[in-house]
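In what follows, every heavy atom counts, from backbone to side chain, and hydrogens, waters and symmetry copies are set aside. Given the structure is predicted, the values throughout are model-derived calculations rather than measurements.
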Amino acid sequence: MGLNIVKQITLVAFVAVLAMGCSKKDGGGGTPPPTNNTPNPGDGGNGGTGTVTSGAVADLQIVSHATLEDYAGRRISTPSNIKVHLDVFDVTQGSSQYGGNLKISYVENGRTVTGTFSSGTSNHDTRYNKWVTTGGVQKLKLMFQDRLGAIVVIIDNQVNDLGLWRGEIYYRNFDFGVCANPPFYGAPICNVQSTLKCWNITAGPYDCRSFMSGDSMRPDLIDLPGYGSSYRHQGTTYPRKGFQKLGTFTNLDLANALNE
């Protein structure tokens with residue numbers, strides 16, 4: 001009888017560990033959880049709720065509540081204090097090629113919810129994160145990702161002489177729907193997320209390429225992120241859902257955001 005009790009306790013503990021692992025935000029190992037971010041009570045320093053030690057924070061004016069819910073992949077109850085926190089640096093020491101992190105946060109039911117996205121810091125991963133001129137305007141275009149989707153930031157206009165800038169944020173969640181119902185023109189690889197950044201992937205649900213000109217990414221030629229990649233089968237192109245505008249921010253201290 002004592003041995004059976006020990007076995008039951010061991011089994012319960014094992015199941016609890018599995019449940020904890022499955023509850024984490026995870027883009028690999030099959031179909032991921034449906035949310036793009038999870039509440040983090042007392043998450044100071046993310047999105048302006050605490051002390052920011054590097055980078056810069058600005059208010060984010062979202063397109064709509066429905067858009068924010070689509071970005072998050074879940075219902076959101078009366079969000080407030082929506083912020084963007086940009087913290088990047090010049091990875092090439094003088095060539096203005098930026099890598100680092102982006103955080104999007106909001107307060108929901110008294111808790112700070114934060115999504116953290118990374119661009120990587122290698123020369124290869126950050127090769128698109130540069131100043132360019134498109135649409136007749138000089139712009140800084142930056143790309144980030146987490147395990148469930150991608151973010152594009154376009155900083156395009158100086159607000160005043162104090163170094164404050166405005167910009168826009170676009171998002172694109174990975175297309176996990178094709179994992180459950182693969183299209184007839186090819187079954188994507190869904191079970192394991194690549195270690196590559198999503199803009200370095202050219203097929204499957206983790207492909208988040210943007211600013212496409214033919215088969216190449218050209219942020220220096222194409223103004224907006226657009227539809228990104230598409231599937232091709234027997235000479236026919238099948239478009240996928242592209243980047244959606246999440247919101248606009250103003251009064252971002254760009255020098256601090258770039259750690260210059």
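In the hydrophobic clustering of ILVMFWY residues, with side-chain heavy atoms under 4.5 Å counting as a link, Val63 and Tyr171 come out apart. In the hydrophobic cluster analysis, where Ile, Leu, Val, Met, Phe, Trp and Tyr join through side-chain heavy atoms closer than 4.5 angstrom, Phe144 is grouped together with Trp131. Side-chain heavy atoms closer than 4.5 Å link hydrophobic residues (I, L, V, M, F, W, Y) into clusters, and following such links, possibly through other members, connects Leu224 to Trp199. Both Ile62 and Leu86 are members of a single hydrophobic cluster when ILVMFWY side chains are connected at heavy-atom separations under 4.5 Å. One hydrophobic cluster, built from ILVMFWY side chains closer than 4.5 Å, cannot hold both Val88 and Leu164; they sit in different ones.
Taken to the nearest 0.5 Å, the CD1 atom of Ile201 stands 8.0 Å off from the OG1 atom of Thr195. Taken to the nearest 0.5 Å, the CD1 atom of Ile169 stands 14.5 Å off from the CD atom of Gln244. The distance from atom OG of Ser210 to atom OH of Tyr128, rounded to the nearest 0.5 Å, is 9.0 Å. With values rounded to the nearest 0.5 angstrom, Thr126 atom OG1 is found 10.5 Å from Lys197 atom NZ. Atom-to-atom distance recorded for Met217:CE and Asn200:CG is 8.0 Å, nearest 0.5 angstrom. In this structure, CG on Leu102 lies 8.5 Å from CG on Leu142, to the nearest 0.5 angstrom.
Contact of the Tyr98 side chain with the Val91 side chain is not registered, since no non-hydrogen atoms from C-beta on lie closer than 4.5 Å. The closest side-chain heavy-atom distance from Gln145 to Phe174 is below 4.5 Å. Residues Asn123 and Gln97 are in side-chain contact: their nearest non-hydrogen atoms beyond the backbone lie under 4.5 Å apart. Proximity of Val57 to Leu252: side-chain heavy atoms (C-beta onward) are nowhere separated by under 4.5 Å. Here the side chains of Ile104 and Tyr71 are in contact, with some heavy-atom distance below 4.5 Å. Contact of the Leu140 side chain with the Lys130 side chain is not registered, since no non-hydrogen atoms from C-beta on lie closer than 4.5 Å. Looking at Val113 and Arg74, their side chains come closer than 4.5 Å, going by heavy atoms from C-beta outward. Contact of the Ile82 side chain with the Asp59 side chain is not registered, since no non-hydrogen atoms from C-beta on lie closer than 4.5 Å.
Under 3.5 Å, the side chains of Thr248 and Gln61 contain no donor-acceptor pair of N or O atoms. Donor-acceptor pairing under 3.5 Å is recorded for the side chains of Asp87 and Ser54.
Here the side chain of Ser119 pairs a donor or acceptor atom with the backbone of Gly100 at under 3.5 angstrom. Between the side chain of Asp207 and the main chain of Arg209, a donor-acceptor pair closer than 3.5 Å is present. With hydrogens and angles ignored, the 3.5 Å screen pairs a side-chain donor or acceptor of His65 with a backbone N or O of Ile76. For Ser122 (side chain) and Asp125 (main-chain N/O), a donor-acceptor pair under 3.5 Å exists by modelled atom type. A donor-acceptor contact shorter than 3.5 Å links the side chain of Asn173 to the backbone of Asp70. At least one donor-acceptor pair under 3.5 Å links the side chain of Asp90 to the backbone N or O of Ser96.
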| request: Decide side chain to side chain contact (heavy atoms under 4.5 Å, CB included) for Leu254 and Ile155; before the verdict, give the C-alpha distance in whole Å, the side-chain angles of both, and the deciding distance to 0.1 Å. | output: CA-CA 9 Å; Leu254 189 58; Ile155 300 174; 3.8 Å; yes
| request: Go through the steps for Asn81 and Thr112 under the test side chain to side chain contact (heavy atoms under 4.5 Å, CB included), then give the verdict. | output: CA-CA 9 Å; Asn81 200 32; Thr112 299; over 6 Å; no
| said: Please evaluate residues Asp223 and Lys139 with respect to the criterion side chain to side chain contact (heavy atoms under 4.5 Å, CB included), reporting the C-alpha separation (whole Å), side-chain torsions for both, the decisive distance (0.1 Å), and the verdict. | reply: CA-CA 9 Å; Asp223 194 37; Lys139 303 175 181 181; 2.4 Å; yes
| query | Between Glu168 and Lys245, does a salt bridge (Lys or Arg N to Asp or Glu O under 4.0 Å) hold up when you go through it step by step? | reply | CA-CA 7 Å; Glu168 298 176 337; Lys245 184 176 179 180; 3.0 Å; yes
| said: Using side chain to side chain contact (heavy atoms under 4.5 Å, CB included), reason through Lys83 and Leu60 one step at a time and then give a plain yes or no. | reply: CA-CA 5 Å; Lys83 303 282 187 178; Leu60 180 62; 5.9 Å; no
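Residues Asn160 and Leu162 come closest through the heavy atom pair OD1-N, 2.9 Å. Closest approach of Asn259 and Gly55 over heavy atoms only: OD1-N, 3.6 Å. The two atoms that bring Ala56 and Ala257 nearest to each other are CB-N, 3.7 Å, heavy atoms only. Heavy-atom minimum distance, Arg127 versus His124: NH1-O, 2.5 Å. Closest heavy-atom contact between Gly99 and Thr121: C-CG2, 4.4 Å.
Qualifying ring pair (Phe, Tyr, Trp, His ring centres under 6.0 Å) partners for Phe249, counting only residues two or more places apart in sequence or in other chains: none. Scanning for side chain to side chain donor-acceptor pair (under 3.5 Å) contacts around Ser64 gives Thr67, with sequence neighbours left out.
Classification of Asp220 and Lys141 as a salt-bridged pair fails, no side-chain N sitting under 4.0 Å from a carboxylate O.
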